[in-house]
Amino acid sequence: MSEQQKKGHHKKKNIFGAYISKILIFLGIALAGTLFVLFFAMPTVSSYVHKAESAYGRSVNDISLDESFTPDSLEAPPEAESLEAGKKLAVIKCDEVGLNAPVFYGAERASMRKGGGFYSKDSLFGEGGRSYVAGYIETYFAPLEYISVDDEIKVTTEYGEFKYSVTDVYEGATGEYPSAENGDTLVLAGIYPMLSDKYGSALYVVAQGEVN
């Protein structure tokens with residue numbers, strides 16, 4: 001190898017070494033920045049997050065579910081004011097399509113992951129008004145895609161069993177609340193997931209209470 005070739009080879013080694021040094025310096029700075037965020041900034045960020053969640057209320061927070069449930073243990077419906085979010089209210093079944101879903105008080109994320117969430121501003125089952133229950137169509141409410149008009153839905157509560165006959169099935173925007181024009185009305189809303197091409201909509205099943 002000539003003297004000129006040796007110099008060129010040595011120069012390339014120096015350039016490569018400088019390049020490696022810059023990479024190591026960059027990684028060191030990135031690591032130091034990450035450690036700073038973890039140990040110093042995270043408590044402040046966490047405080048802001050908790051404040052934001054408190055401002056929005058429990059609608060953006062998970063809740064603890066109370067799954068204790070004894071059918072026919074009460075003589076009358078409980079007072080709505082006495083119910084806490086996450087309390088199991090009922091079990092909804094439709095034998096024709098294999099629907100079998102627990103219902104929890106409050107249409108919250110935790111309730112809908114474990115079954116259906118009952119809209120707390122509505123009438124309880126069998127009270128003669130609208131009872132609105134929302135759930136995810138890819139889990140417990142998946143059978144709603146096969147339900148038909150005239151199918152029977154049974155709702156078992158701690159104060160009795162109620163039967164409903166399906167009168168309408170349709171897709172609409174998420175957040176629709178069909179009214180109870182004919183007295184005791186059950187509305188089931190199957191919410192489509194974010195990755196679905198139907199995201200932003202829901203499958204609604206409307207059923208009328210049967211007169212005992």
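Positions are given from 1, in the same order as the sequence printed here.
In terms of modelled atom types and a separation under 3.5 Å, the side chain of T174 and the main chain of G200 share a donor-acceptor contact. Y164 places no side-chain N or O within 3.5 Å of a backbone atom of V206 that could act as its donor or acceptor partner.
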Which side-chain N or O atoms in residues 67-76 pair as donor and acceptor under 3.5 Å with protein atoms at least two apart or in another chain?
{"unit_1": "S68", "atom_1": "OG", "unit_2": "D66", "atom_2": "OD1", "d": "2.6"}
{"unit_1": "S68", "atom_1": "OG", "unit_2": "D66", "atom_2": "OD2", "d": "3.4"}
{"unit_1": "S73", "atom_1": "OG", "unit_2": "T70", "atom_2": "O", "d": "2.8"}

Please report, to 0.1 Å, the donor-acceptor pairs under 3.5 Å made by any side chain of residues 125-148, with sequence neighbours excluded.
{"unit_1": "E127", "atom_1": "OE1", "unit_2": "L124", "atom_2": "N", "d": "2.9"}
{"unit_1": "R130", "atom_1": "NE", "unit_2": "D122", "atom_2": "OD1", "d": "3.4"}
{"unit_1": "R130", "atom_1": "NE", "unit_2": "D122", "atom_2": "OD2", "d": "2.9"}
{"unit_1": "R130", "atom_1": "NH1", "unit_2": "Y177", "atom_2": "O", "d": "3.2"}
{"unit_1": "R130", "atom_1": "NH1", "unit_2": "P178", "atom_2": "O", "d": "3.4"}
{"unit_1": "R130", "atom_1": "NH2", "unit_2": "D122", "atom_2": "OD1", "d": "2.8"}
{"unit_1": "S131", "atom_1": "OG", "unit_2": "S123", "atom_2": "O", "d": "2.8"}
{"unit_1": "Y132", "atom_1": "OH", "unit_2": "E176", "atom_2": "O", "d": "3.4"}
{"unit_1": "T139", "atom_1": "OG1", "unit_2": "Y136", "atom_2": "O", "d": "3.2"}

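Through direct or indirect side-chain contacts shorter than 4.5 Å among Ile, Leu, Val, Met, Phe, Trp and Tyr, V149 is connected to no other residue. Other residues sharing the hydrophobic cluster of M194, ordered by chain and number and joined by side-chain separations under 4.5 Å: Y199.
With V166 as the fixed residue, the side-chain contact (heavy atoms from CB on, under 4.5 Å) test singles out one of V205, L188, D150, L186: V205.
The CD atom of Q208 sits 10.0 Å away from atom CG of D168, with the distance rounded to the nearest 0.5 Å. Between atom CG of residue L83 and atom NZ of residue K88 there is a gap of 15.0 Å, rounded to the nearest 0.5 Å. Taking CG from D95 and CD from E152, the interatomic distance works out to 8.0 Å, rounded to the nearest 0.5 Å. Taken to the nearest 0.5 Å, the OH atom of Y159 stands 7.0 Å off from the CG atom of L89.
Residue L27 places its CG atom among more than 12 non-hydrogen atoms of other residues, nucleotides or ligands, all under 6.0 Å distant. Around atom NZ of K114, no more than 12 heavy atoms belonging to other residues, nucleotides or ligands sit under 6.0 Å away.
Contact detail for I191 and A202: the closest heavy-atom pair is CD1-CB, 3.8 Å. What you find for Y204 and A189 is that their closest heavy atoms are CE2-CB, 3.7 Å. Residues I153 and A207 come closest through the heavy atom pair CD1-CB, 4.3 Å. Of all heavy-atom pairs spanning G106 and S111, the tightest one is O-OG, 3.1 Å.
Linking Ile, Leu, Val, Met, Phe, Trp and Tyr residues whenever their side-chain heavy atoms come within less than 4.5 Å places V169 and I92 in a single cluster. Note: the hydrophobic cluster containing L203 also contains L99 (ILVMFWY, side chain heavy atoms under 4.5 Å, direct or indirect links). Residues V187 and V97 fall into different hydrophobic clusters, defined by Ile, Leu, Val, Met, Phe, Trp and Tyr side chains chained together at heavy-atom separations under 4.5 Å. Under the 4.5 Å side-chain heavy-atom criterion for grouping Ile, Leu, Val, Met, Phe, Trp and Tyr, V155 is connected to Y105 within one hydrophobic cluster.
For residues 186-200, the set of pairs meeting the salt bridge (Lys or Arg N to Asp or Glu O under 4.0 Å) definition, not counting sequence neighbours, comprises E171-K198.
The side-chain contact (heavy atoms from CB on, under 4.5 Å) test applied to K93 returns V91, N100, not counting sequence neighbours.
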